[in-house]
Amino acid sequence: MAVEHGESPTEYIAHHLTHLKVGSGFWTWHIDTLFMSALLAFAVSFILWFSARRANSNAAPTGLVAFVEFIYDWVDRQVADIYPGDRRFMTALALTLFSWVVAMNTMDLLPVDLPGHFASVFGAKFWRVLPTADLNGTIAEAIVVLAMVLIFSVRAKGIGGYLHEWAAAPFGIWLLPFNIILNLIELLAKPVSLGMRLYGNMYAGELLFILIALLGFAVTGLTFWSGVAFLAQIVFGAGWAIFHILIVLLQAYIFMVLPIVYISMAEEHH
Amino acid sequence: MDINATFIGQIVVFLIMLWFIAKVVVPMIAKPINERYAKIADGLAAADAGQKQLQEAGASAEQLMREARERARQVEEQAHRRSIETLEAAKQAAQSEGARLLAAAQVEVGNESIRASEQLRREFGTLVVQAASQLVEHEVNPATHAKLLERLTDDIARG
């Protein structure tokens with residue numbers, strides 16, 4: 001790939017890892033993350049809604065409708081395996097997480113320089129296209145999951161029951177401080193690891209694509225080593241992209257299943 | 001890895017999408033799918049019931065066939081027996097009729113021979129009277145002796 005605006009490799013990497021942002025301090029907003037995630041959320045919601053509207057019990061589904069029905073049915077079965085009881089909301093949560101995260105992760109498969117170039121047409125100096133490689137993106141979802149774990153715990157056990165569990169489990173009421181510390185760790189470890197896992201995987205994937213793209217710096221003309229670098233970039237880039245399809249889907253699957261597991265665990269009585 | 005206000009925006013985006021999927025999309029898509037599942041289950045149940053009915057019908061048809069065959073066998077047997085009986089009865093009737101006819105014929109023959117011998121005697125009597133009247137010539141007047149002659153003839157006829 002051609003060198004961008006005469007950047008050094010370090011500058012190239014740094015450029016690719018910089019968000020388009022406004023504001024300062026805590027009140028900084030990553031425009032690219034917000035825009036991409038909102039756009040993809042809208043696109044995914046629209047496709048699901050568009051297909052759901054055409055779903056008809058009297059005819060065999062075809063094309064996109066069949067695909068969406070298949071996804072829904074598969075997600076619903078995954079949820080049914082994990083979550084006992086009325087799972088309508090859980091299926092909606094899982095479907096939302098899975099379809100949205102797949103869409104966001106898939107952005108990683110776009111050529112690394114393409115979104116930036118495209119955004120620069122609109123005057124954006126930076127553009128990170130992958131919202132799941134932004135910790136803000138994945139942590140936000142993890143926070144919602146954490147909130148749901150709390151809500152479903154209280155709904156299943158009542159406030160008193162839930163507080164009693166904090167105080168008395170797992171060591172009994174006499175070791176109350178340890179119980180609270182352990183429960184706090186247990187409560188926070190789940191969503192933090194959930195958010196960090198997705199972020200880490202996608203960030204690493206993105207970084208590797210950028211590093212592979214650096215091979216383009218070695219293409220300087222019609223020389224032997226330029227040819228090798230060019231070929232290597234194509235081979236490694238294609239190989240990693242193909243392997244990354246697996247990661248995209250696998251991480252989305254994990255991100256769909258774990259919240260359901262957490263919530264179903266939260267509803268269990270100790 | 002800088003945490004900033006972006007995550008608040010992300011939460012909002014997530015919640016809006018979740019609300020839309022949960023309230024609009026999932027009910028829309030779950031209804032036809034569940035209806036289709038119900039339909040398939042109904043269809044399978046109907047097929048099972050049909051299969052069962054078919055089996056039952058087959059069994060009852062076989063039973064009917066067996067009964068019919070048994071009935072036919074009975075009827076055949078009865079007819080056979082009846083025909084033998086009828087034949088036997090006819091044979092018996094014919095024999096007794098034959099015997100009766102034979103007896104009647106014998107009686108007739110007896111009567112006939114009695115009548116014939118009576119006739120012969122009468123004719124013989126007449127001949128005797130004629131012969132006697134020729135012998136005695138005009139002595140015997142048929143008109144005066146008719147009575148005598150008739151008694152004579154009767155005597156001869158009676159044996």
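Proteins get letters first, then strands, A, B, ... in listed order; numbering begins at 1 in each. Just the heavy atoms: all of them, side chains too, but no hydrogens, waters or symmetry mates, feed the values below.
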Engineer: Residue by residue, scan residues 136-144 of chain A and write down, ordered by number, those that have a heavy-atom distance under 4.5 Å to chain B; if none do, write 'none'.
Structural biologist: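 Expected list: A:N136, A:G137, A:I139, A:A140, A:E141, A:I143, A:V144.
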
Engineer: Any idea which of A:L48, A:I31, A:L17, A:V44 has the most non-hydrogen atom pairs under 4.5 angstrom with chain B?
Structural biologist: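 Ranked by heavy-atom pairs under 4.5 Å with chain B, first place is A:L48.
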
Engineer: Please classify the contact of B:I16 with chain A as side chain, backbone, both or neither, using a heavy-atom distance under 4.5 Å.
Structural biologist: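 Contact with chain A is absent: no heavy atom of B:I16 under 4.5 Å.
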
Engineer: If you count the non-hydrogen atoms of other residues, nucleotides and ligands that lie under 6.0 Å from CD in B:Q74, is the total more than 12?
Structural biologist: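 Count over threshold, so yes.
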
Engineer: Heavy-atom pairs under 4.5 Å with chain B - which of A:Y72, A:Y203, A:F42 has more of them than the others?
Structural biologist: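 Greatest number of close heavy-atom pairs with chain B: A:Y72.
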
Engineer: Do you know which of A:D134, A:L34, A:T96 has the most heavy-atom pairs with chain B at a distance under 4.5 angstrom?
Structural biologist: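 Winner by heavy-atom pair count: A:T96.
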
Engineer: Of all the heavy-atom pairs spanning A:G25 and B:N4, show the shortest one and how long it is.
Structural biologist: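 So the two residues come closest at O-CB, 4.2 Å.
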
Engineer: Under a 4.5 Å cut-off applied to non-hydrogen side-chain atoms, are A:W100 and B:I21 in contact?
Structural biologist: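 Answer no - side chains too far apart.
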
Engineer: Answer yes or no: does atom CD of B:E70 have more than 12 heavy-atom neighbours from other residues, nucleotides or ligands under 6.0 Å?
Structural biologist: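 For B:E70, atom CD is crowded (more than 12 foreign heavy atoms under 6.0 Å).
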
Engineer: Under 6.0 Å from the CZ atom of A:F35, do we count more than 12 heavy atoms belonging to anything else shown?
Structural biologist: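 12 or below, so no.
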
Engineer: Less than 3.5 Å apart, any donor N or O on the side chain of B:K39 or A:N58 sitting next to an acceptor on the other?
Structural biologist: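 Yes - a donor-acceptor pair under 3.5 Å links their side chains.
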
Engineer: What part of B:A30 gets closer than 4.5 Å to chain A, counting heavy atoms only: side chain, backbone, both or neither?
Structural biologist: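 Both parts, heavy atoms under 4.5 Å.
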
Engineer: Heavy-atom distances under 4.5 Å only: say whether A:R53 touches chain B with side chain, backbone, both or neither.
Structural biologist: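 For A:R53, heavy atoms of backbone and side chain both lie under 4.5 Å from chain B.
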
Engineer: B:V26 versus A:F89: any side-chain heavy-atom pair under 4.5 Å?
Structural biologist: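 A side-chain contact is absent here, since even the closest heavy-atom pair is not under 4.5 Å.
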
Engineer: Give the ring-plane orientation class for B:F7 versus A:F26, where under 30° counts as parallel, over 60° as perpendicular and anything between as tilted.
Structural biologist: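 The rings of B:F7 and A:F26 stand perpendicular, inter-plane angle above 60°.
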
Engineer: Is B:F20 in contact with chain A via its backbone, its side chain, both, or neither, using a 4.5 Å heavy-atom distance?
Structural biologist: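 Only the side chain of B:F20 comes within 4.5 Å of chain A.
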
Engineer: For residues A:R54 and B:M28, determine if any side-chain heavy atom of one lies less than 4.5 Å from a side-chain heavy atom of the other.
Structural biologist: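 A:R54 vs B:M28: side chains apart.
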
Engineer: Can you tell which part of A:M148 gets under 4.5 Å to a heavy atom of chain B, answering side chain, backbone, both or neither?
Structural biologist: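 The answer is the side chain of A:M148.
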
Engineer: Okay, side chain of A:R88, backbone of B:P27: is any donor-acceptor separation there less than 3.5 Å?
Structural biologist: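 No.
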
Engineer: Any idea which heavy atoms bring B:I29 and A:A52 closest together, and the distance?
Structural biologist: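 Between these two residues, the closest heavy atoms are CB-CB, 3.9 Å.
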
Engineer: Please flag which part of B:L18 lies under 4.5 Å from any non-hydrogen atom of chain A: side chain, backbone, both or neither.
Structural biologist: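 Contact with chain A is through both the backbone and side chain of B:L18.
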
Engineer: Heavy-atom distances under 4.5 Å only: say whether A:V68 touches chain B with side chain, backbone, both or neither.
Structural biologist: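 When you check distances to chain B, atoms from both the backbone and side chain of A:V68 fall under 4.5 Å.
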
Engineer: Check the surroundings of atom CH2 in A:W74: do more than 12 heavy atoms from other residues, nucleotides or ligands lie under 6.0 Å from it?
Structural biologist: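 It does: A:W74 CH2 has more than 12 such atoms within range.
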
Engineer: Output the distance between atom CD1 (B:I8) and atom CH2 (A:W27), rounded to the nearest 0.5 Å.
Structural biologist: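 B:I8 atom CD1 to A:W27 atom CH2 measures 4.0 Å (nearest 0.5 Å).
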
Engineer: Who among A:L93, A:D76, A:T91, A:V65 has the most heavy-atom pairs with chain B under 4.5 Å?
Structural biologist: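 Greatest number of close heavy-atom pairs with chain B: A:L93.
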
Engineer: With a 4.5 Å heavy-atom cut-off, do B:M17 and A:S99 have their side chains touching?
Structural biologist: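 The answer is yes, as the side chains (C-beta and beyond) meet within the 4.5 Å cut-off.
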
Engineer: Take B:T6 and A:T28 through the side-chain contact (heavy atoms from CB on, under 4.5 Å) test and state the conclusion after the steps.
Structural biologist: CA-CA 7 Å; B:T6 306; A:T28 305; 5.8 Å; no

Engineer: When you check the side-chain N and O atoms of B:Q10 and A:T33, is any donor under 3.5 Å from an acceptor?
Structural biologist: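 There is no such pair between these side chains.
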
Engineer: Answer yes or no: does atom CZ of B:R66 have more than 12 heavy-atom neighbours from other residues, nucleotides or ligands under 6.0 Å?
Structural biologist: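 Yes, enclosed.
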
Engineer: Specify the closest pair of heavy atoms between B:A5 and A:W29, including all atoms of both residues, with the distance to one decimal.
Structural biologist: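 Shortest heavy-atom separation between B:A5 and A:W29 comes out as O-CZ3, 3.4 Å.
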
